[in-house]
There are 2 protein chains.
Amino acid sequence: MSENIDKFELILSSSRKLIEEIGFSSLTMDKVAQKAGIAKGTVYLYFKDKDDLLEKVLSTGFEKMFERIKNRVAVENRVIDKLGALISENINHIYENRYFFKTIFLDEVNVVFLKKKSKESFNLRRKRYSDFIGDIIKSGAESGEFVSGLNPAKSGYMLVSLIKTAAIYNFLSERFEPTPEMIENDTKEILNLFLHGISVK
Amino acid sequence: MSENIDKFELILSSSRKLIEEIGFSSLTMDKVAQKAGIAKGTVYLYFKDKDDLLEKVLSTGFEKMFERIKNRVAVENRVIDKLGALISENINHIYENRYFFKTIFLDEVNVVFLKKKSKESFNLRRKRYSDFIGDIIKSGAESGEFVSGLNPAKSGYMLVSLIKTAAIYNFLSERFEPTPEMIENDTKEILNLFLHGISVK
DNA sequence: TTGAATTATGACTTTTAAGTCAGTATAATA
DNA sequence: TATTATACTGACTTAAAAGTCATAATTCAA
């Protein structure tokens, strides 16, 4: 019985290690079995199929992280301290599992591309756009409108991700036919968040 | 000669349409050929392989968007207006190509999962975390610390994406062994951006 | 100790999709 | 019109990986 639990955990941890090494897109059941030092058929005794295995890899990871963040946040009393604790705990968790998250975060490119070259040009485009925004931000910092000490390129990435996230939020909320007003509103909202944040002045 | 260019464009646009309908992860060369009403072999006369085709689908789309945004931004003089124009133009572009972008943005889940059920639980976890943050933000809005009129859940998504983006930025910059100070710095930076933005007060 | 139940194995089957290429149709040229 | 060059076709080959299952090893219980 306890043997079973061990094997279940063994397969999970082997999968996690493999994902760190080769990414989701190259993960195969054969490799998982090999990594765990067991036969492929055995994997299917503990997991319904590949989908089930990956779902469990991600869900157990998430639950661990969420639990940790909730506990840390509960200690703080003031709202801003809660947010600070949350961010810090989240970043720490990402870094402690950095190879896993690196794969998770960057593997999105692998959905689409099979070859290194295309991945590189994908990242290059992302960089070109962020740098373009970075230049605008830089000139704002030089004119004294924006705070000094900003990393312009990084801030560019941040703005791009805010725009993308707003779109994803709308897509997930089934908002597909936006009126011009809605778009104007979204624009204002993102610009405002990026320029002034959510605090009252 | 002009026939060739037409077929090249035909394959590109058929691929784009297909991606809108079924996503990257289900795209096959057979389906592309069928959609374009040509033989599979013909696709390989215009594109080296699948990777080449997808790379060109994405790069042409990006160049179009980037050109458009650059032109629009160039019209404005003040930095803040430039940023506003950029955001607005970017959002507009996303909405005009909404089905394509919906797939691009949400297909990241498909890297990992094959079945609908797992995708749903993935989105559910994302929502649970954002809602948790949303609750904190809500209490901050109620106490008057944060601006009113915020959508807490959406703001939660925004914060999560800022954290994620900061990590991606570090990963892309090959920063894998962060000191505690670097993590503390990142935390402050994100919290500060989220609370106060990049403008000077 | 033995035989029933449980767990494990890995060769095999099946599926899916990328990529090829010999043959066919169409267009260009002499 | 005949010949060459170019463009197109889709059945076929190849490859990769998911999932199965008859058989073997191990554990457990009487």
Side-chain angles (χ1 to χ4, degrees), chain A residues 1-19 21-58 103 107 109-119, chain B residues 1-19 21-58 103 107 109-119:
Chain A
M1 243 318 83
S2 71
E3 267 295 329
N4 292 8
I5 294 165
D6 279 352
K7 209 143 270 177
F8 181 88
E9 291 295 340
L10 171 71
I11 295 169
L12 270 191
S13 66
S14 303
S15 305
R16 208 172 282 127
K17 273 179 221 152
L18 256 181
I19 290 166
E21 291 165 14
I22 61 173
F24 276 111
S25 29
S26 315
L27 195 84
T28 69
M29 295 303 257
D30 283 285
K31 286 178 187 166
V32 167
Q34 196 188 27
K35 187 84 176 178
I38 56 176
K40 183 155 73 155
T42 308
V43 178
Y44 284 89
L45 294 177
Y46 294 89
F47 299 89
K48 202 179 139 279
D49 50 26
K50 191 183 178 187
D51 196 66
D52 182 39
L53 170 59
L54 293 175
E55 160 64 17
K56 268 160 191 155
V57 166
L58 284 192
T103 291
D107 219 31
V109 191
N110 295 336
V111 203
V112 183
F113 297 125
L114 319 159
K115 307 231 174 102
K116 250 185 215 145
K117 231 181 165 181
S118 308
K119 284 178 215 166
Chain B
M1 241 323 77
S2 71
E3 267 294 330
N4 292 6
I5 294 165
D6 280 352
K7 208 143 271 177
F8 181 88
E9 291 295 341
L10 171 71
I11 295 169
L12 270 191
S13 66
S14 303
S15 304
R16 208 171 283 126
K17 271 178 223 152
L18 255 180
I19 289 166
E21 289 165 16
I22 61 174
F24 276 111
S25 28
S26 316
L27 196 83
T28 69
M29 295 304 258
D30 283 285
K31 286 179 188 165
V32 167
Q34 196 188 27
K35 188 83 176 178
I38 57 177
K40 183 155 72 155
T42 308
V43 178
Y44 283 89
L45 294 177
Y46 294 89
F47 299 90
K48 201 178 141 283
D49 50 26
K50 192 184 179 187
D51 196 67
D52 182 39
L53 170 59
L54 293 175
E55 161 63 17
K56 267 158 192 157
V57 166
L58 284 192
T103 291
D107 218 31
V109 192
N110 294 336
V111 201
V112 184
F113 297 125
L114 318 159
K115 306 231 176 99
K116 249 185 216 145
K117 231 181 165 182
S118 308
K119 284 179 218 167

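No hydrogens, no waters, no symmetry mates; every other heavy atom, side chains included, goes into these values. These numbers were taken from a predicted model, which means no experiment stands behind them. Proteins come first, then strands; the chains are lettered A, B, ... in the order of their sequence lines, and each starts at number 1.
With rounding to whole Å, A:Y46 atom OH is found 18 Å from D:dG19 atom C1'. C:dT9 atom P lies 13 Å from atom CD of A:Q34, rounded to whole Å. Rounded to an integer number of Å, the gap from A:K35 NZ to D:dA17 C1' is 19 Å. Residue B:I38 contributes atom CD1, which lies 16 Å from atom P of D:dA11 at whole-angstrom precision. Taking atom CG of A:L53 as the reference point, atom P of D:dA17 lies 16 Å away to the nearest angstrom. The CG atom of A:D52 sits 14 Å away from the C1' atom of D:dA18 (whole-angstrom rounding). Protein atom CZ of A:F24 is 18 Å distant from nucleotide atom C1' of D:dA18, rounded to whole Å.
Contact annotation: the side chain of A:S26 approaches that of A:K31 to within less than 4.5 Å [non-hydrogen atoms, C-beta and beyond]. When side chains are defined from C-beta on, B:F47 counts as touching B:L12, because their heavy atoms get closer than 4.5 Å.
Annotation: A:E21, atom CD; neighbour count of heavy atoms from other residues, nucleotides and ligands within 6.0 Å is above 12.
Annotation for B:M29 and B:Y44: closest pair CG-OH, 3.5 Å, computed over non-hydrogen atoms.
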Next on the checklist: Generate the contact string for nucleotides 19-27 of chain C. Rules: B means base contact, S means sugar-phosphate contact only, - means no protein heavy atom under 4.0 Å.
Outcome noted: BB-------
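Phosphate contact (OP1/OP2 of D:dA17, side-chain N/O of A:K31, threshold under 4.0 Å): absent.
Checking C:dA17, C:dA8, D:dA17 against the side-chain heavy atoms of A:L45 singles out C:dA8 as nearest. Checked against D:dA18, C:dA17, D:dA7, the side chain of A:T28 finds its nearest nucleotide in D:dA18.
Listed by chain and number, the residues in a side-chain hydrogen bond (donor to acceptor under 3.5 Å, both in side chains) with B:T103 amount to none (sequence neighbours excluded).
When heavy atoms are screened at a 4.0 angstrom cut-off, A:L27 is found touching the sugar-phosphate backbone but no base atom.
Residue B:I11 holds its CD1 atom at 8.0 Å from CG of B:L45, rounded to the nearest 0.5 Å.
Under the side chain to side chain donor-acceptor pair (under 3.5 Å) test applied with B:K115, the options A:D49, A:D51, A:D52 reduce to a single match, A:D49.
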